[in-house]
Trainee: 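Pasting in a structure now, in structure tokens, and then I'll have a few things to ask.
Every heavy atom of this structure was used, including side-chain atoms; hydrogens, water molecules and symmetry mates were not. Being a predicted model, the structure only gives us computed values, none of them experimental.
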Amino acid sequence: MKPRRSDAVFVSDVHLSAEHPATTAAFLRFIGEEATGRTDRLYILGDLFEYWAGDDAMEHARANPLADPLTLCIVAALRALSDSGIALAFMAGNRDFLIGDAFAKAAGLTLLVDPHRVRIGGIDLLLSHGDVLCVDDIEYQNFRAMVRNPAWQRAFLTKPLAERRAVIAGVRVKSEEAKREKAAAIMDVNDGAVCALLAAHPDAILIHGHTHRPAHHEHAVAQETRERWVLTDWDADATPPRGGGLVLRDGKLSVIAADFSA
């Protein structure tokens, strides 16, 4: 017996790229099985792609489909979900903050500002990618402030697509090198920042990704116990493979795993 249609499904940190086709295949199965006809809403809370250099990547992919089939495939899959009646929403992550209106229109989704409060199925939820809560990583927060600046983004998007991709590739290499030198705790969320955000949004349950540390936490805020759910990242090539999300059904959140058996 199939479970009752859910109110919403939440995912983040899928990190789709041409280098990891098994992850792409698992994600497409996941949204096909868990979303199509079985939920009312799908929320993607950042880092859908390993990187996104600008919405003109779609034009480049249409002109050169063999060079970038991933972009066309994902846009088409999301559009099919939207056309089937499922409400799609996307919140930028630290890898795909350059996703804009053109992508949203093509994929049939709504762009969300971080954080985003919403009431679904009688439950108040506060959605975030999560990187803004990692305040102990000062170097990253300075970088985040720079690249989220609209003036910086406008200037960066005037560069040729190939140049932008080269710049991003260089940043990714430096980022991985920097991570190896940082204490793990620095790259996690700051408890004080979490509690401050929860205090500013009474009664809401916080859902976020970014840290790749899936868990269910409880925080004491103003003498109340508040919930925080951290979404898993996706990697079909890991041992064991990782992927999945959260489902909201009958007023309750629960973890749901992706199928890596195919």
Side-chain angles (χ1 to χ4, degrees), residues 9-39 41-112 129 147 153-154 156-172 209 231 233-237 241-245 258-260 262:
V9 173
F10 306 87
V11 299
S12 73
D13 300 279
V14 189
H15 293 282
L16 296 170
S17 71
E19 290 77 20
H20 296 282
T23 299
T24 300
F27 178 69
L28 291 173
R29 283 196 302 274
F30 181 86
I31 63 174
E33 294 170 4
E34 295 303 329
T36 304
R38 294 177 62 176
T39 192
R41 304 171 182 86
L42 173 64
Y43 287 88
I44 303 172
L45 302 185
D47 287 3
L48 173 62
F49 295 98
E50 178 65 11
Y51 73 91
W52 187 257
D55 286 0
D56 55 337
M58 293 185 296
E59 298 175 13
H60 181 268
R62 294 186 189 104
N64 305 275
L66 296 179
D68 187 9
L70 175 66
T71 294
L72 298 179
C73 174
I74 298 303
V75 170
L78 294 175
R79 185 78 218 189
L81 287 181
S82 178
D83 289 345
S84 74
I86 296 170
L88 304 184
F90 171 83
M91 178 180 290
N94 54 295
R95 301 297 187 100
D96 49 18
F97 54 85
L98 289 175
I99 282 180
D101 292 338
F103 179 90
K105 182 178 180 180
L109 52 79
T110 299
L111 299 179
L112 304 178
H129 177 60
V147 299
Q153 292 186 7
R154 285 193 297 270
F156 186 70
L157 290 172
T158 62
K159 301 178 185 295
L161 180 61
E163 181 179 344
R164 277 177 267 146
R165 285 175 167 168
V167 170
I168 291 171
V171 170
R172 289 166 64 198
L231 296 161
D233 65 314
W234 289 64
D235 187 350
D237 300 313
R242 302 187 301 273
D259 177 12
F260 295 102

Trainee: So how far is it from T110 OG1 to F90 CZ, rounded to the nearest 0.5 Å?
Mentor: 12.5 Å

Trainee: To the nearest 0.5 Å, tell me how far T39 OG1 sits from E33 CD.
Mentor: 14.0 Å

Trainee: For H20, give me all partners under ring pair (Phe, Tyr, Trp, His ring centres under 6.0 Å), at least two apart in sequence or on another chain.
Mentor: none

Trainee: Could you pull out all residues at least two apart from S17 that satisfy side chain to side chain donor-acceptor pair (under 3.5 Å)?
Mentor: E19

Trainee: Tell me the salt bridge (Lys or Arg N to Asp or Glu O under 4.0 Å) pairs involving residues 72-92, sequence neighbours left out?
Mentor: R79-D83

Trainee: Could you pull out all residues at least two apart from D235 that satisfy side chain to side chain contact (heavy atoms under 4.5 Å, CB included)?
Mentor: T23, D237, A238, R242

Trainee: What pairs with R164 under side chain to side chain donor-acceptor pair (under 3.5 Å), at least two apart in sequence or on another chain?
Mentor: D56

Trainee: Got a second to check how far L78's CG is from L42's CG, nearest 0.5 Å?
Mentor: 7.5 Å

Trainee: If every non-hydrogen atom of A258 is compared with every non-hydrogen atom of F30, which pair is closest and at what distance?
Mentor: CA-CD1, 4.0 Å

Trainee: Just to verify, what does F156 make a ring pair (Phe, Tyr, Trp, His ring centres under 6.0 Å) with, not counting sequence neighbours?
Mentor: W152

Trainee: Return the minimal non-hydrogen interatomic distance between I31 and A77, and the atom names on each side.
Mentor: CD1-CB, 4.2 Å

Trainee: Going by the rule side chain to side chain donor-acceptor pair (under 3.5 Å), which residues pair with T71 if we only count those two or more places apart in sequence or in a different chain?
Mentor: D68

Trainee: To check you understand the geometry: which heavy-atom pair defines the closest contact between V11 and G244, and what is its length?
Mentor: CG1-O, 3.7 Å

Trainee: Please tell me if the side chains of F103 and W52 come closer than 4.5 Å, counting only heavy atoms from C-beta onward.
Mentor: yes

Trainee: By side chain to side chain donor-acceptor pair (under 3.5 Å), which residues pair with R62, not counting sequence neighbours?
Mentor: none

Trainee: With sequence neighbours left out, write down each residue that passes side chain to side chain contact (heavy atoms under 4.5 Å, CB included) with T24, or none if nothing qualifies.
Mentor: L16, L28, L70, I74

Trainee: Determine the minimum heavy-atom distance between H129 and D13, stating which atoms define it.
Mentor: CE1-OD1, 3.6 Å

Trainee: Show me the side-chain donor-acceptor pairs of residues 95-102 shorter than 3.5 Å, one per line, residues at least two apart or across chains.
Mentor:
| residue | atom | partner | partner atom | Å |
| --- | --- | --- | --- | --- |
| R95 | NH1 | E50 | O | 3.4 |
| R95 | NH1 | E50 | OE2 | 2.5 |
| D96 | OD1 | D47 | N | 3.1 |
| D96 | OD1 | G93 | N | 2.9 |
| D96 | OD2 | D47 | N | 3.0 |
| D96 | OD2 | L48 | N | 2.6 |
| D96 | OD2 | F49 | N | 3.4 |

Trainee: Not counting sequence neighbours, which residues clear side chain to side chain contact (heavy atoms under 4.5 Å, CB included) with K105? List them please.
Mentor: none

Trainee: Using the six-membered ring wherever Trp is involved, compare the ring planes of Y43 and F10 and label them parallel, tilted or perpendicular (cut-offs 30° and 60°).
Mentor: parallel

Trainee: Which heavy-atom pair separates P69 from A67 by the least distance, and what is that distance?
Mentor: CD-C, 3.6 Å

Trainee: Holding to ring pair (Phe, Tyr, Trp, His ring centres under 6.0 Å), I want the full list of residues that pass it with F27, two or more places apart in sequence or in another chain.
Mentor: W234

Trainee: Testing the basics here: between P241 and A236, what is the closest heavy-atom pair and its distance to 0.1 Å?
Mentor: CB-O, 3.7 Å

